[in-house]
Amino acid sequence: MSSKEGTGWLDSAVFYEIYPQSFKDSNADGIGDINGIIEKLDYIRELGCTAIWLNPCFESPFGDAGYDVSDYYKVASRYGTNEDLRRLFDEVHARDMHILLDLVPGHTSVEHPWFQQSMKAEKNEFTDRYIWTDSIWEEPTGCASLRGISQRDGSCAVNFFSHQPALNYGYYKPDPEKKWQQSFDDEGPQQTIEAMKDVMRFWLSMGCDGFRVDMAGSLVKCDEDGKGTIRLWQNIRAFLDAEFPDAAMVSEWGEPDKSLQGGFHMDFLLHFGPSHYNDLFRCEKPFFAGEGDVSEFVNKYIESYEKSERKGLICIPSGNHDMDRLAKTIQGDRLKIAFAFLLSMPGAPFIYYGDEIGMRKVEGLASVEGGYDRTGSRSPMQWDHSTNAGFSTAPKSDLYISQDESVDRPTASDQMADEHSLRSEIKRLIEIRQSHEALQSRGEIIFIYAEKNAYPLAYIRSCETEQILVVINPSDHDVVFPCEYVLKEPLYSFGGKLRVTGEGLCAPARSAGFYKL
């Protein structure tokens, strides 16, 4: 399949997130690589996933797992070559799949040649590529900074880690008293935008289908209600519409009303900020652990849904490289119930590699590549019972992150052979989603039961041709909720079917079901 077919494929996309260094090692050096990914594309397709989000694979000192880019145009040598990545694009397309690269536009590594030139005292074309104050004694507004690192007078803004200098996209309303604060329209920010367009142009021309954009809402500094950053992305959207109208764009923003206005096709639900995503999976009492509250999540979801004109293009991931593994807090049948939710909500679902087999967080690991407490959620994929669980034939001591050494660690091979496994359940759920337009990305949603500190969660997904009631009850108790809809046979049921009572419908303990109305 050609990747040049518009972005309609997003409507039914189910994504699989690949953390390249941990997925499959093809050359026995203890680190995953692109050829290893190619080896396992059929596994991803067999699961039912139709698209891939590939975490950063560019040249980097790996102080932040590749999110500290030192060359946007070159694949990191440990993963392979640019030609290997081009072949990955071709192999993905040959399987009727799509692939998004991870674009990190907010900062680079301190080793990037742009930054090395920017540090020089004499003015050059990269002097304003980053945000510098005029004096070493003044920090940038709204940011931490690097200072005293070169002959250049001034402090440089950083994002997150101190080795990630912030690229300059300007301040929303520059302070006239601070001459170093530039506006979006100044030469420095405009050159930064053009440089990022060139990066996008390079990889889109090579065959990638678009980008997942890291921290897309954070580019313009001190940005009132995101207005400056929306304008920035509208500028980039115009460039894409002119040159690459089929390029798919998914933002890590967490505010779909803003990201969709900026020209993105979909937005990620963040695990921080106001989304209440963690109420579902990762808190002291998660909803899917059977004793939590879903109401605040639903309230915020509805607010975002309405703000974005009920487009519903809010992607809910099972997890990612920045979170604890889903299986840390949700286990057993409840993992299957959690995926019944994830695979029946609007927006494209994203499955973090290994979550489909219930991989666990490996506790107590020393930080690797800036992972810190996240390191244990980035351990190598567990394929089978061969050496290093099939991830690599390198000596165990050469694996760049230690694996789960538990005797009962889950493997893909075991779960593929077991029709009752988590992976098999996820495969069934994906098949059902793909068979019903109402369950896909653009189907509408109405919540009919999402009460505070109560179960179940019930909502209706709909399109022009069908309505489907989804009822989710991860609690240990049968629960009754008011519902006047007449149900037909279930499209899917796990843990038992709904029963009609005098007070409404009764959802069995630890159950999930999809019912046609």
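Just the heavy atoms: all of them, side chains too, but no hydrogens, waters or symmetry mates, feed the values below. Small disclaimer: the values here were computed from a predicted structure and weren't measured.
- A salt bridge links Arg423 with Glu46; the closest basic N to acidic carboxylate O contact falls under 4.0 Å.
- Tested against His265 for a side-chain contact (heavy atoms from CB on, under 4.5 Å), the candidates Leu260, Val250, Thr7 yield a single pass: Thr7.
- If you run side chain to side chain donor-acceptor pair (under 3.5 Å) between Tyr67 and each of His321, His107, Gln164, only His321 comes through.
- Salt-bridge formation is detected for the pair Asp64/Arg374: a Lys NZ or Arg NE/NH1/NH2 atom is positioned less than 4.0 Å from an Asp or Glu carboxylate oxygen.
- Donor-acceptor pairing under 3.5 Å is lacking for the side chains of Ser441 and Asp11.
- Note: Trp132 and Phe115 have parallel aromatic rings, judged against thresholds of 30 and 60 degrees for the angle between ring planes.
- The pair Arg86-Asp84 does not meet the salt-bridge criterion, since no charged nitrogen lies less than 4.0 angstrom from a carboxylate oxygen.
- Between Tyr277 and Gly319, the closest heavy-atom pair is OH-N, 3.8 Å.
- Applying the side-chain hydrogen bond (donor to acceptor under 3.5 Å, both in side chains) criterion to Asp257, with sequence neighbours excluded, gives no partner residue.
- Between Trp203 and the options Phe58, Tyr72, Phe211, a ring pair (Phe, Tyr, Trp, His ring centres under 6.0 Å) holds for only Phe58.
- Between Glu255 and Lys307 there is no salt bridge, since no side-chain nitrogen of the basic residue lies less than 4.0 Å from a carboxylate oxygen of the acidic one.
- Both tests hold for Arg325 against Tyr353: distance to the six-membered ring centre under 6.0 Å, angle to the ring axis within 45°.
- Using cut-offs of 30° and 60° for the angle between ring planes, the Phe281 and Phe288 rings count as parallel.
- Salt-bridge check for Asp185 with Arg231: passed, with a basic side-chain N closer than 4.0 Å to an acidic carboxylate O.
- Using a 3.5 Å distance cut-off with no hydrogens or angles, the side chains of Thr141 and Gln181 do pair a donor with an acceptor.
- Distance alone, capped at 3.5 Å, places no donor-acceptor pair between the Asp33 side chain and the Gly80 backbone.
- Between the side chains of Asn55 and Arg212, no donor-acceptor pair of N or O atoms lies under 3.5 Å.
- The side-chain heavy atoms of Phe239 and Phe244, taken from C-beta on, include a pair separated by under 4.5 Å.
- Within the structure, side chain to side chain donor-acceptor pair (under 3.5 Å) pairs that include any residue of residues 334-344 comprise Arg334-Asp476, Ser344-Tyr459 (at least two apart or interchain).
- When each of Gln190, Gln191, Arg129, Gln182 is checked for a side chain to side chain donor-acceptor pair (under 3.5 Å) with Asn168, only Gln182 meets the rule.
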